[in-house]
**Q** 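The structure is given below, and queries will be raised subsequently.
Each chain gets a letter, A, B and so on, in the order the sequences are listed, and its residues count up from 1.
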2 protein chains.
Amino acid sequence: MVDILHRVGIKSSPEKTYRALATCQGLADWWTRDTSGDSRVGGVIAFRFPDGGFDMRVVELTPGKRVLWQVVDGPSEWVGTKIHWELAPKGEYTVVLFKHEGWKEPVEFMHHCSTKWGTFIMSLKLLLEIGRGALAPDDVPLGDWR
Amino acid sequence: MVDILHRVGIKSSPEKTYRALATCQGLADWWTRDTSGDSRVGGVIAFRFPDGGFDMRVVELTPGKRVLWQVVDGPSEWVGTKIHWELAPKGEYTVVLFKHEGWKEPVEFMHHCSTKWGTFIMSLKLLLEIGRGALAPDDVPLGDWR
């Protein structure tokens, strides 16, 4: 099992950062505009992109601190994996630790998703710091992979 | 042992992409302006940033295909780790597979370095596609971490 890790410091409060991760409206503002579903614990959120998408079950929500999802539908490499968001205040920043846990193999798609998560986490930072992210379908292109 | 993985498709040839990875001048154009040393196999390249740096021994150079470094000095978590660059043509793109291999533990610094490598790999892409990267000391800021 291998994991994708990221970390960023966002000039925002843990409460605002949490809202961007724990509500469909928040998620639709930095990841993909086409986000819908039930964002409560036990609910399933559907994230859609021009070329497919992911369904995540919300496993844990701890306001201002933690969001945990498990992938229930999407590409086979993603199904069953978990996505952790850990938030902590640090001075005027909120530190976001991200982990996409439980990839079976470090396949080429995992390399792609690691870079892609990085660009979306920068989109989250942009949203909270300047009010506008780089979200799908207008996200940062990584070249040949769709 | 845990690894940082990334992948990007760059609209450039494997030969040009290789030159940006295998020469001090190339590296100074997308990673950090303060790059110096001996970029031949067995040589050591010194990468310097406002807050420190890394010394890498060049382990392998296969023109147009592969660059491999081993970290010989820098932060303790980096020393002994290896950095792999694999290049392959795909239509009008060169696919770059990146691996920073051999972290002992998935510490917070590793999360930060994963995101930071992502932004620098996007700088490599910018350099090759539009002629100008986002290199240190003017690289993309990730917030509180220096």
**Q** Using heavy-atom distances under 4.5 Å, tell me whether A:Val8 contacts chain B through its side chain, its backbone, both, or neither.
**A** both
**Q** Count I, L, V, M, F, W, Y as connected when their side-chain heavy atoms are under 4.5 Å apart, and connections chain through other members. Are B:Val2 and A:Leu5 then in the same cluster?
**A** yes
**Q** Chain B: which of A:Lys11, A:Glu108, A:Met110 shares the most heavy-atom pairs with it under 4.5 Å?
**A** A:Glu108
**Q** Which region of B:Ile121, side chain (C-beta onward) or backbone (N, CA, C, O), has a non-hydrogen atom less than 4.5 Å from a non-hydrogen atom of chain A, or is it both or neither?
**A** neither
**Q** Using heavy-atom distances under 4.5 Å, tell me whether A:Ile10 contacts chain B through its side chain, its backbone, both, or neither.
**A** neither
**Q** What's the shortest heavy-atom distance between B:Arg33 and B:Pro137, and which atoms?
**A** NH1-CD, 3.9 Å
**Q** Highest number of heavy-atom pairs under 4.5 Å with chain A: which of B:Leu97, B:Val140, B:Thr119, B:Leu142?
**A** B:Leu142
**Q** What part of B:Phe98 gets within 4.5 angstrom of chain A, counting heavy atoms only: side chain, backbone, both, or neither?
**A** backbone
**Q** Which atom names give the shortest non-hydrogen contact between B:Trp69 and B:Ile45, and what distance separates them?
**A** NE1-CD1, 4.4 Å
**Q** Could you tell me how the ring of A:Trp31 sits relative to the ring of A:Phe120: parallel (under 30°), tilted (30 to 60°) or perpendicular (over 60°)?
**A** perpendicular
**Q** Which heavy atom of B:Thr23 sits nearest to which heavy atom of B:Ser39, and what is that distance?
**A** CA-OG, 4.0 Å
**Q** Charged N to carboxylate O under 4.0 angstrom, A:Glu60 versus A:Arg66?
**A** yes
**Q** Would you call B:Lys116-B:Asp139 a salt bridge at under 4.0 Å N-O?
**A** yes
**Q** Using a 4.5 Å heavy-atom cutoff, which residues in residues 82-96 of chain A come close to chain B?
**A** A:Lys90, A:Tyr93, A:Val95
**Q** Atom NE2 of B:His6 and atom CD1 of B:Ile4: how far apart are they, to the nearest 0.5 Å?
**A** 6.5 Å
**Q** Name all residues meeting the salt bridge (charged side-chain N to carboxylate O under 4.0 Å, His left out) criterion together with B:Glu129; count only those two or more places apart in sequence or in a different chain, and write none if there are none.
**A** B:Lys125
